[in-house]
Amino acid sequence: MGQREGAAGLTTHAPQAAQAVTLPTTLDEAVAALTAMPAAVPVAGGTDLMAAVNSGQLRPAALVGLGRISEIRGWQYQDGHALLGAGLTHARMGRPDFAALIPALAASARAAGPPQIRNAGTLGGNIASAAPTGDALPVLAALEATLIIAGPGGARGEIPVSHLLAGVEMLRPGELIGYVRVPLLHAPQVFLKATGRTGPGRAMASVALVLDPARRGVRCAVGAIAPMPLRPLEAEQWVAQLIDWDNDRAIVPEALTAFGEYVAAACIPDPAPAEDGSVEPLPPAVLHLRRTVAALARRALGRALS
């Protein structure tokens with residue numbers, strides 16, 4: 001999936017039909033088509049791209065359709081990881097066999113929207129669009145997933161998904177997200193989200209939480225409240241030390257509440273003090289959002305440990 005799918009390169013021109021459509025059948029053919037047509041936009045499900053076209057924000061000169069590339073529409077096992085094709089649809093990831101593999105990603109896929117969105121939208125498109133409300137993004141951040149990037153001449157590179165979402169590393173012309181590598185932790189994972197008035201099923205805030213018993217660790221990511229998922233690292237480390245990993249992962253109930261508040265304060269901090277030392281209170285809407293994040297984080301950890 002390319003970085004520009006429905007996200008970058010927006011214009012104010014009125015939409016019009018694309019001048020050319022290419023339908024490759026392999027990942028390398030798609031890369032070659034994008035290299036030959038630098039102005040072309042890759043499209044898989046098209047859920048974000050068509051919204052941009054219909055609103056007049058985007059006028060693609062050409063399209064490279066990725067729907068016929070069968071190699072990126074499934075997954076395989078590889079050295080303790082799952083190698084997920086970027087063309088996997090939300091509907092496919094929501095099925096029970098996938099849920100047994102990566103429960104939090106399956107939960108986020110089932111929450112992605114109505115059936116027509118889940119049937120068309122893809123994992124790679126969710127990443128490439130990098131919309132803050134993308135449900136898969138906090139899950140991938142919590143799992144510390146990496147992306148396999150396909151480039152010209154059959155080249156393959158690997159970058160952390162967090163680097164792409166943060167803009168630390170960008171896709172170069174002709175590059176596509178081919179696969180997503182996710183560690184198989186064989187431990188509880190939870191995805192929760194709260195929806196508001198931002199659109200049908202669109203997250204106001206979301207939390208992904210995964211346990212890593214081998215490392216006696218907790219990984220948490222908060223989505224939708226910032227341009228990219230946020231990792232409250234200090235809160236993760238603090239609560240991991242309170243879990244009795246040798247005794248059914250027990251934890252005192254008060255720690256769940258404190259963890260939620262720790263996560264929320266880390267992601268939505270208080271304003272900096274003024275010169276006179278006074279601190280302005282958070283606006284009611286921001287305070288409500290912080291309380292929402294705290295509740296989601298508390299519930300997610302409670303479910304993971306139950």
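Bear in mind that the values here come from a model prediction, so they are computed numbers and not experimental data.
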Quiz item: Can you check whether Ile243 reaches Leu305 side chain to side chain, under 4.5 Å on heavy atoms?
Solution: yes
Self-check item: Within-4.5 Å side-chain heavy-atom neighbours: Phe191 and Pro138
Solution: yes
Quiz item: Would Val182 end up clustered with Tyr77 when hydrophobic side chains under 4.5 Å apart are linked, directly or stepwise?
Solution: yes
Self-check item: Point-to-point distance, once rounded to the nearest 0.5 Å, from NE2 of His288 to CZ of Arg290
Solution: 13.5 Å
Quiz item: Between Asp135 and Arg202, does at least one N-O distance fall below 4.0 Å, as a salt bridge requires?
Solution: no
Quiz prompt | All side-chain hydrogen bond (donor to acceptor under 3.5 Å, both in side chains) counterparts of Asp79, not counting sequence neighbours | solution = none
Exercise. Evaluate the side-chain proximity of Thr292 to Ile225: yes if any heavy-atom separation is below 4.5 Å, no if none is.
Key: no
Exercise. Starting from the C-alpha separation in whole Å, work towards a yes-or-no answer on side chain to side chain contact (heavy atoms under 4.5 Å, CB included) for Ile148 and Leu83.
Key: CA-CA 9 Å; Ile148 308 300; Leu83 194 63; 4.0 Å; yes
Exercise. Would you check if the side chain of Arg298 reaches a backbone N or O of Gly260 as a donor-acceptor pair within less than 3.5 Å?
Key: no
Self-check item: Gap separating the CG atom of Leu301 from the CG atom of Leu296, nearest 0.5 angstrom
Solution: 12.5 Å
Self-check item: Sequence-distant partners of Glu158, salt bridge (charged side-chain N to carboxylate O under 4.0 Å, His left out), two or more places apart
Solution: Arg181
Self-check item: Gap separating the CG atom of Leu105 from the CG atom of Leu143, nearest 0.5 angstrom
Solution: 7.0 Å
Self-check item: Gln78 atom CD: more than 12 heavy-atom contacts under 6.0 Å
Solution: yes
Practice problem: Dump the intermediate steps for side chain to side chain contact (heavy atoms under 4.5 Å, CB included) on Leu289 and Ile268, then the final yes or no. | Solution: CA-CA 8 Å; Leu289 184 61; Ile268 308 175; 3.8 Å; yes
Quiz item: Do Val161 and Val180 have side-chain heavy atoms sitting under 4.5 Å apart?
Solution: no
Quiz item: Going by distance alone, is a donor N or O of one side chain under 3.5 Å from an acceptor N or O of the other, for Glu261 and Thr257?
Solution: no
Practice problem: Heavy atoms only: give me the nearest Val31-Pro152 pair and the separation to one decimal. | Solution: CG1-N, 3.4 Å
Quiz item: Is any side-chain heavy atom of His81 closer than 4.5 Å to a side-chain heavy atom of Leu184?
Solution: no
Quiz item: ring-ring contact (aromatic ring centres under 6.0 Å, His included) between Trp75 and Phe98: does it pass, once the steps are laid out?
Solution: CA-CA 9 Å; Trp75 70 83; Phe98 191 93; 5.0 Å; yes
Self-check item: Minimum heavy-atom distance between Ala142 and Ala221, given as atom pair plus value
Solution: N-CB, 3.9 Å
Quiz item: OG of Ser306 to CZ of Arg249: how many Å apart, nearest 0.5 Å?
Solution: 10.5 Å
Self-check item: Where Val263 and Ala235 come nearest, the two heavy atoms and their spacing
Solution: CG2-CB, 3.9 Å
Quiz item: Taking all atoms of both residues into account, what is the closest heavy-atom pair of Gly174 and Thr35, and its distance?
Solution: CA-OG1, 3.8 Å
Quiz prompt | Closest approach of Leu176 to Ala30 (non-hydrogen atoms, all atoms of both residues) | solution = CD1-CB, 3.6 Å
Quiz prompt | Closest non-hydrogen atom pair between Ile69 and Leu27, with its separation | solution = CG2-N, 3.7 Å
Quiz item: Would you say the side chain of Arg219 lies within less than 4.5 Å of the side chain of Leu209, judging by non-hydrogen atoms?
Solution: no
Quiz prompt | Qualifying residues under side-chain hydrogen bond (donor to acceptor under 3.5 Å, both in side chains), relative to Glu144, sequence neighbours excluded | solution = Arg231
Quiz item: Distance from Asp97 atom CG to Leu101 atom CG, nearest 0.5 Å?
Solution: 8.5 Å
Practice problem: Verify the neighbour count for atom CZ of Arg73: are there more than 12 heavy atoms of other residues, nucleotides or ligands below 6.0 Å? | Solution: no
Self-check item: Side chain to side chain, Ile177 and Ile72, heavy atoms closer than 4.5 Å
Solution: no
Practice problem: Using atom types as modelled and distance alone, determine if a side-chain donor or acceptor of Lys193 lies under 3.5 Å from a backbone N or O of Met204. | Solution: no
Quiz item: Do Asp244 side-chain atoms and Asn247 backbone N/O form a donor-acceptor pair below 3.5 Å?
Solution: yes
Self-check item: Qualifying residues under salt bridge (charged side-chain N to carboxylate O under 4.0 Å, His left out), relative to Asp246, sequence neighbours excluded
Solution: Arg216
Quiz prompt | side-chain hydrogen bond (donor to acceptor under 3.5 Å, both in side chains) partners of Asn119, counting only residues at least two apart | solution = none
Quiz prompt | Test salt bridge (charged side-chain N to carboxylate O under 4.0 Å, His left out) applied to Arg118 - qualifying residues, sequence neighbours left out | solution = none
Quiz item: Do Arg68 side-chain atoms and Pro24 backbone N/O form a donor-acceptor pair below 3.5 Å?
Solution: no
Quiz item: With a 3.5 Å cut-off and no angle check, do the side chains of Asp276 and Ser278 form a donor-acceptor pair?
Solution: yes
Practice problem: First locate atom CZ of Arg92, then atom OG1 of Thr89, and finally report the distance between them rounded to the nearest 0.5 Å. | Solution: 8.0 Å
Quiz item: Can you list the steps and then say if Val64 with Val43 is a side chain to side chain contact (heavy atoms under 4.5 Å, CB included)?
Solution: CA-CA 6 Å; Val64 176; Val43 56; over 6 Å; no
Exercise. Would you check if Pro271 and Leu282 make a side-chain contact, meaning some heavy-atom pair closer than 4.5 Å?
Key: yes
Practice problem: Given side chain to side chain contact (heavy atoms under 4.5 Å, CB included), test Leu140 with Leu165 step by step and report yes or no. | Solution: CA-CA 11 Å; Leu140 296 175; Leu165 296 177; over 6 Å; no
Quiz prompt | N/O donor-acceptor pair under 3.5 Å between Glu175 side chain and Leu171 backbone | solution = no
Exercise. Report yes or no: do Phe259 and Leu233 belong to one cluster of Ile/Leu/Val/Met/Phe/Trp/Tyr joined by side chain heavy-atom distances under 4.5 Å?
Key: no
Quiz item: Where the side chain of Gln189 meets the backbone of Ala104, is there a donor-acceptor pair that is under 3.5 Å apart?
Solution: yes
